[in-house]
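Notes follow once the structure below has been shown.
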Amino acid sequence: MDSIYLDLILSGLTYVILTYLTFQLMKSRKVNKHEDDDEGGINEFTPPNIDLPPGVVWPDSPLLKKRKVEKAY
């Protein structure tokens with residue numbers, strides 16, 4: 001048997017095995033939607049308070065007034 005046929009057979013076998021394992025792993029990761037960890041309450045999500053560098057503000061934060069430059073005599 002030529003080496004090209006052996007390479008094609010082994011590549012095809014590898015493809016079949018990888019495809020089979022992929023579908024088996026995807027099947028085992030199904031999420032059961034009937035089991036909830038919640039106790040029926042409202043899910044409270046509080047985002048973390050991120051410390052931004054000076055001069056950077058969030059888009060929904062209130063606008064800051066610019067300081068007036070005072071003249072020094």
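We count residues from 1, following the sequence as given. Excluded from the calculations below are hydrogen atoms, water molecules and symmetry mates; all remaining heavy atoms, backbone and side chain alike, are included.
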side-chain contact (heavy atoms from CB on, under 4.5 Å) against Leu52, all qualifying residues, sequence neighbours excluded: Ile50, Val56, Trp58
CD1-OG1 distance between Ile17 and Thr22, expressed to the nearest 0.5 angstrom: 11.5 Å
Pairwise distance CG(Leu18) to CG(Leu13) - rounded to 0.5 angstrom: 9.5 Å
Euclidean distance, Leu25 CG relative to Tyr20 OH, rounded to 0.5 Å: 10.0 Å
